[in-house]
Amino acid sequence: MKIDLVLHELHRDENDLAHELLRISERHKVDHEIYHLGRDLARWSQNHVRELAILAERFGTHLDAEPVDELKTTERLREKAGELVGRRPQSALLLLRDLREVFIKASGVSVDWEMLGQAAQGLKDADLLAVVQRCHPDTLRQLRWANGKLKESSTQILIS
């Protein structure tokens, strides 16, 4: 069985997504929606990391149950510099790039959940399938949020 490999990849990808969401929330702190929703969405991925760590034990795999948390101090200082940039045109384009990155990462996480769901169905593992059915919709919402913000921001930034 290769479930442990999928769990490991999904765990890493959820951590990466959480980190990216925290990073853009800090970088674009002046945009309250990006800041607050980005942090909320990051918590969803952090919760998924915890669930995956518990689940992995059943398959003989150890995954760190402690998800990515707040950004490191050095990163925070670098993000503060981004705050100073404020709403200059460069920061607007940076927002589009950051949202694109969230969209790409969330898309990858969604594919990971799909693979795990297929494996759960093949194994007829109700517990594994329950975790997938509980967590994957959160990822789809993260994906829709990033896509919606990309559309909204692109219209505002690229046309004006």
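Being a predicted model, the structure only gives us computed values, none of them experimental.
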Practice task
Evaluate the side-chain contact (heavy atoms from CB on, under 4.5 Å) criterion for residues D112 and L116: first the C-alpha distance (whole Å), next the side-chain angles of each, then the deciding distance (0.1 Å), finally the verdict.
Solution key: CA-CA 6 Å; D112 292 345; L116 192 58; over 6 Å; no
Problem - side chain to side chain donor-acceptor pair (under 3.5 Å) assessment of R50 paired with N47 - result: CA-CA 5 Å; R50 289 182 193 97; N47 289 336; 2.7 Å; yes
Exercise for the section: Step by step, work out the side-chain contact (heavy atoms from CB on, under 4.5 Å) result for D125 and I3. Expected result: CA-CA 12 Å; D125 188 322; I3 298 292; over 6 Å; no
Practice task
Would you sort out whether R134 and H48 count as a side-chain contact (heavy atoms from CB on, under 4.5 Å), showing the intermediate values?
Solution key: CA-CA 9 Å; R134 189 170 47 251; H48 298 169; over 6 Å; no
Practice task
Check the pair Q142 / F103 against side-chain contact (heavy atoms from CB on, under 4.5 Å), numbers first and verdict last.
Solution key: CA-CA 8 Å; Q142 290 167 319; F103 181 84; over 6 Å; no
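Here the closest heavy-atom approach between residue E14 and residue L52 is recorded as CG-CD1, 4.3 Å. Residues A65 and V49 approach most closely at O-CG1, 4.5 Å, considering heavy atoms. Minimum interatomic distance between A146 and L99 (heavy atoms only, all atoms of both residues): CB-O, 4.1 Å. When all heavy atoms of Q46 and A18 are compared, the closest pair comes out as CG-CB, 4.0 Å. Contact between H8 and L63 at its shortest, heavy atoms only, is ND1-CD2, 3.7 Å. Heavy atoms only, all atoms of each residue included: L95 and S153 are closest at CD2-OG, 3.9 Å.
A distance of 10.5 Å separates CG of L129 from CG of L123, quoted to the nearest 0.5 Å. In this structure, R39 CZ and I34 CD1 are separated by 13.5 Å, a value rounded to the nearest 0.5 Å. If you take CZ on R27 and CZ on R97, they are separated by 5.5 Å, rounding to the nearest 0.5 Å. Distance check, rounded to the nearest 0.5 Å: CG of N15 to CD of E66 gives 9.5 Å. To the nearest 0.5 angstrom, D16 atom CG is 9.5 Å from E101 atom CD. Remark: D40 CG to S25 OG distance equals 9.5 Å, nearest 0.5 Å.
If you chain together hydrophobic residues whose side chains sit under 4.5 Å apart, L21 and L96 fall into the same group. Residues L150 and L17 share a single hydrophobic cluster, defined by chaining ILVMFWY side chains whose heavy atoms lie under 4.5 Å apart. L37 is connected to I24 through a chain of hydrophobic side-chain contacts under 4.5 Å among Ile, Leu, Val, Met, Phe, Trp and Tyr, so both are in one cluster. Following chains of ILVMFWY side-chain contacts shorter than 4.5 Å, one can reach L93 starting from V102, so the two form part of one hydrophobic cluster.
Residues D138 and R141 meet the side-chain proximity criterion, which asks for heavy atoms closer than 4.5 Å. Within the 4.5 Å cutoff, side-chain heavy atoms of F59 are placed close to those of L128.
Remark: E20 pairs with R23 by the side chain to side chain donor-acceptor pair (under 3.5 Å) rule, at least two apart or across chains. The ring pair (Phe, Tyr, Trp, His ring centres under 6.0 Å) test applied to H11 returns no partner, not counting sequence neighbours.
Crowding of R100 atom CZ: a count of heavy atoms from other residues, nucleotides or ligands under 6.0 Å not exceeding 12.
Under 3.5 Å, the side chains of H136 and S110 contain a donor-acceptor pair of N or O atoms. If you check the side chains of W113 and Q118, you find no donor sitting under 3.5 Å from an acceptor.
Comment: K105 does not engage D13 in a salt bridge, judged by the lack of any side-chain N to carboxylate O separation of less than 4.0 angstrom.
Looking at T61, its side chain never comes within 3.5 Å of a backbone N or O of E57 through a donor-acceptor pair.
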